[in-house]
Every structure is written in C-alpha cells, then in structure tokens.
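In what follows, chains are A, B, ... by sequence order, proteins preceding strands, each numbered from 1. It should be emphasised that the depicted structure is a prediction, and the values quoted were computed from it without experimental measurement.
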Amino acid sequence: MNVRVLLFASAADAAGRSEVNLDLPDGARVSDLLAELSRLVHGRALASRPMVAVNARYAAPDTVLAAGDEVAVIPPVAGG
Amino acid sequence: MNVRVLLFASAADAAGRSEVNLDLPDGARVSDLLAELSRLVHGRALASRPMVAVNARYAAPDTVLAAGDEVAVIPPVAGG
Amino acid sequence: MSFLTRGPIDVSDLLESLAAPEVGGVVLFSGRVRNLNGGRAVAAIDYSAYETMAEEELGRIVQEASSRYPGVRVLVRHRLGRLVVGEVSVAVAAAHPHRGPAFDAARYVIEELKKRVPIWKCEEYVDGTREWVDPTRIGVQ
Amino acid sequence: MSFLTRGPIDVSDLLESLAAPEVGGVVLFSGRVRNLNGGRAVAAIDYSAYETMAEEELGRIVQEASSRYPGVRVLVRHRLGRLVVGEVSVAVAAAHPHRGPAFDAARYVIEELKKRVPIWKCEEYVDGTREWVDPTRIGVQ
C-alpha cells in the first residue's frame with residue numbers, strides 16, 4: 001500500500017525533502033514506516049526519537065497503517 | 001497627645017465622618033486608640049476587627065503611638 | 001510612581017511599556033467589574049482608597065515580586081471611582097525572559113493586592129441598594 | 001477556527017473579544033522573540049508548522065481547558081514566518097468570572113501548546129548561523 005509521509009523542520013532538512021511516498025506491506029505499523037524511512041535517507045538522522053502523527057493525531061509505534069493515511073514525522077516541537 | 005485618625009469605607013459610614021482627632025495619654029497603644037474610638041462612636045460597629053495603619057503601614061495592636069502619628073482604621077480591604 | 005488612577009486603564013500601553021529585547025514572556029491580568037457577585041445583580045462598583053498608603057503598599061508588593069522573581073519587571077494600575085459592569089478596575093503586567101516567573105509574579109501581585117492594599121468597593125446593585133464588599137465574610141468571594 | 005496567522009497578533013483585539021458582563025478576570029500570556037537563547041545572541045526566529053495538525057491540536061487543547069476549568073473562555077493565536085526580536089509569536093487569553101481559573105487555563109494552554117503542537121522554530125543568530133531549536137536537548141530551554 002502507498003502511504004504519504006510528510007517531513008518537517010529538522011527531519012525535512014535531514015532527508016533533503018518535505019514529502020516521501022512509501023510503498024509498505026499491508027498491515028505495516030508506524031515502527032515499520034520509520035525503519036523504511038531511515039533506510040531511504042541512508043542513515044541521516046531524522047531526529048532522535050521523532051514523534052509520528054497519523055492523520056493529524058499523534059500515534060504510537062505499534063499503530064497499524066492503512067492505505068491513504070497521511071503520516072507525518074514530527075521532530076521535537078518548539079512552539080511558543 | 002493628639003493623634004489624627006482617618007476612617008475609611010464602612011468605618012467612615014459607621015462613625016458618620018472620615019476623620020477624628022483623639023486626645024490620648026502618652027504611651028497609648030493602637031489597642032487603646034481603638035477602645036477610645038469605639039466609645040466615641042457609641043458602639044456603632046467600626047467593622048469587626050478592623051486593621052490599623054500607623055503612618056501608612058499596618059501596625060499591631062501593641063504598637064505604641066507618638067504625637068503627630070497619622071492613624072488609619074482599615075476595614076476589610078476589597079481591591080481588584 | 002502612581003499606581004492609582006481615576007481614568008480608564010490602558011492595558012496596551014502597559015504591554016508596550018514592558019517591551020524589551022530580553023523579554024520572552026509577558027503575563028497581563030486584568031480585573032473587570034462583573035454583573036454578579038454573591039448571587040446579586042451588580043450595576044456598578046464605586047472604588048475608594050486610602051490613597052497615600054495604597055500607593056506605598058503597592059510599591060512594597062512590586063518590590064517583593066522583584067525579589068522573589070529576579071529579572072521580572074512588573075507594572076500595576078488600579079482604578080478608583082465609579083465603574084460600570086465590564087470596565088477594567090485593575091491591571092497587573094509582568095515581563096521576564098521566561099514565562100514561569102512572569103506568570104508567578106503577576107499572580108503574586110494580584111493576590112497580595114487583594115489581601116493588603118487599602119482599597120474598598122461599594123457595590124451598587126440593580127435593585128438600587130448598595131453595600132461595602134467584605135471579602136472576609138463567609139460566602140462572599 | 002484559525003489559530004495560526006502569518007500577520008502580527010493583535011492582543012488588544014483578543015482582549016476585546018473576551019469582554020462579557022460575567023467576566024471578572026482576564027489573563028493574557030504573550031510570548032515574544034527574545035535576544036538570547038541558550039547563551040547565543042538571537043536575531044530572528046523562523047516559525048513553521050504542520051498546519052492542519054497544529055490547528056486541530058490547538059482546538060483539542062482549548063477544549064481540554066474548557067473541560068478542566070468550566071466557564072472559562074480561551075483564545076489562542078500563534079504566528080508563523082520570520083519574526084525579529086521583540087515581536088509577539090504567541091498569545092493565549094483566558095476569561096472567567098474569577099481570576100483563579102483564568103490564570104490556570106492560560107497556563108495550561110501555553111504549557112500544552114509547547115509540549116504538543118507541531119510548530120518548530122529555526123533560530124537565526126547574530127553571527128549568521130541558524131539552528132532548529134530542540135527543547136528536549138539538555139541545557140536548552
């Protein structure tokens with residue numbers, strides 16, 4: 001299945017882009033997506049322990065993804 | 001000695017005036033002044049347990065007064 | 001320094017006065033006359049003060065806030081006279097490089113003001129009666 | 001509801017929006033770009049966000065504040081783009097009949113905003129370098 005991954009801030013800088021489309025096996029979880037993403041950016045640090053959001057809500061590493069999900073890699077936030 | 005006593009808010013209403021000059025014996029304390037003041041206003045409530053300020057600072061009942069002091073009877077404050 | 005005023009309090013002016021390059025957080029508390037107190041419908045409040053002492057006591061409170069929260073800058077204004085519902089009666093603004101001390105200093109100043117500063121309010125109710133507010137009486141806040 | 005804005009934040013406008021006869025206390029927190037962070041001289045901050053999620057997360061935080069402090073009304077604005085020292089980056093305003101819940105709600109919202117809302121800052125230093133701010137790094141606040 002195809003999943004759209006948005007990258008922000010230091011994660012976008014590390015990956016050299018702000019969006020990636022990943023092809024993942026059905027039933028893939030957030031943790032699988034992060035592993036696949038790390039391979040794709042050749043070990044460039046995405047941010048130590050980034051948070052992940054699925055469809056604009058924070059999601060735990062074991063969250064199962066569905067086709068069409070919008071996933072976002074969230075480096076440490078710093079609003080205010 | 002002569003001491004000027006300022007009355008405010010409910011205390012001024014109770015006494016029917018906003019200022020009183022009291023003649024007190026030398027060495028009189030804040031508590032003596034309050035007793036004298038109560039006689040003067042014929043038992044009309046000054047406010048239960050009013051605070052007293054001497055020269056614009058809160059003063060304990062045993063504070064000794066001096067001639068020329070400005071004393072103020074402070075009913076419960078309600079600023080804000 | 002004059003903390004007391006008979007004219008309207010301009011909170012924007014207070015905020016601008018606290019602008020400085022090292023300031024990261026500003027907390028402003030503004031108190032307004034509200035239409036209900038102790039279950040009674042309030043029309044207006046007449047504020048009066050022992051003015052010389054109120055100025056001095058407010059100066060002491062601001063000093064205390066500066067010692068407790070080093071680096072904080074605090075401004076206070078309290079209005080006197082007759083205010084109708086919705087008008088700003090008091091404003092406390094605190095600025096600091098970080099938000100924590102700004103919040104704590106603003107809170108400290110308003111709490112101490114309410115406890116210690118010789119200011120009184122005579123509430124005018126919608127039914128035409130009036131009464132001195134006594135926060136030490138049970139059931140009144 | 002739009003909590004994010006690219007234009008200047010008008011705090012007077014927020015305060016006016018919260019005016020109501022039952023309001024007794026309003027607390028406004030405003031955050032500004034300051035000239036020093038972690039010992040480095042800051043010239044400007046570029047704020048960016050995952051905008052759709054930031055809007056939703058701010059909406060959830062405001063809802064939480066309303067549940068925790070019944071009767072409170074809260075407004076929030078966060079600015080995006082490049083801000084120089086002294087500019088207001090964020091404003092939280094909370095109104096309530098009593099001051100306690102107004103203080104607590106404003107504090108709650110700004111603390112949660114800083115923890116959870118996907119907004120980032122890239123600091124531009126006076127020496128020409130720039131860096132993403134990571135509040136989880138030790139020694140940085």
Self-check item: Top contributor to chain D interface from C:Val23, C:Leu15, C:Leu28 [non-hydrogen pairs under 4.5 Å]
Solution: C:Leu28
Quiz item: Roughly how far, to the nearest 0.5 Å, is the CZ atom of C:Phe103 from the CZ atom of D:Phe103?
Solution: 8.0 Å
Exercise. Check whether D:Ala91 gets within reach of chain C through its side chain, its backbone, both or neither, counting any heavy atom under 4.5 Å.
Key: neither
Exercise. Would you mind checking which part of C:Val42 comes under 4.5 Å of any heavy atom in chain D, side chain (CB onward), backbone (N, CA, C, O), both or neither?
Key: neither
Quiz item: Of the listed residues (C:Gly31, C:Ser89, C:Ser30), which shares the most heavy-atom pairs with chain D below a 4.5 Å separation?
Solution: C:Ser30
Quiz item: What distance do D:Asp10 atom CG and C:Ser12 atom OG have between them, rounded to the nearest 0.5 Å?
Solution: 8.0 Å
Quiz item: Less than 4.5 Å apart, any side-chain heavy atom of C:Asp104 and any of D:Arg107?
Solution: yes
Quiz item: chain D heavy atoms under 4.5 Å from C:Val27: which part of the residue, side chain, backbone, both or neither?
Solution: both
Practice problem: Determine the option with the most heavy-atom pairs under 4.5 angstrom with chain C, choosing from D:Ala94, D:Gly25, D:Ala93, D:Gly24. | Solution: D:Gly24
Self-check item: Interatomic spacing from CD in C:Glu111 to CZ in D:Arg99 - rounded to 0.5 Å
Solution: 4.0 Å
Practice problem: Below 4.5 Å from any heavy atom of chain D, which atoms of C:Ala102 appear? Answer side chain, backbone, both or neither. | Solution: neither
Self-check item: Spatial distance of atom CZ (C:Arg34) from atom NE2 (D:His96) [nearest 0.5 Å]
Solution: 10.0 Å
Quiz item: For D:Glu51, what residues pass the side chain to side chain donor-acceptor pair (under 3.5 Å) criterion, not counting sequence neighbours?
Solution: D:Arg6
Quiz item: Which of these, D:Leu36, D:Val33, D:Asn35, sits in a side-chain contact (heavy atoms from CB on, under 4.5 Å) with C:Pro21?
Solution: D:Asn35
Practice problem: Select one option (side chain, backbone, both, neither) describing which atoms of D:Val11 are under 4.5 Å from chain C's heavy atoms. | Solution: side chain
Quiz prompt | Contact winner vs chain C - D:Gly86, D:Ala95, D:Ala20, D:Ala19, heavy-atom pairs under 4.5 Å | solution = D:Ala19
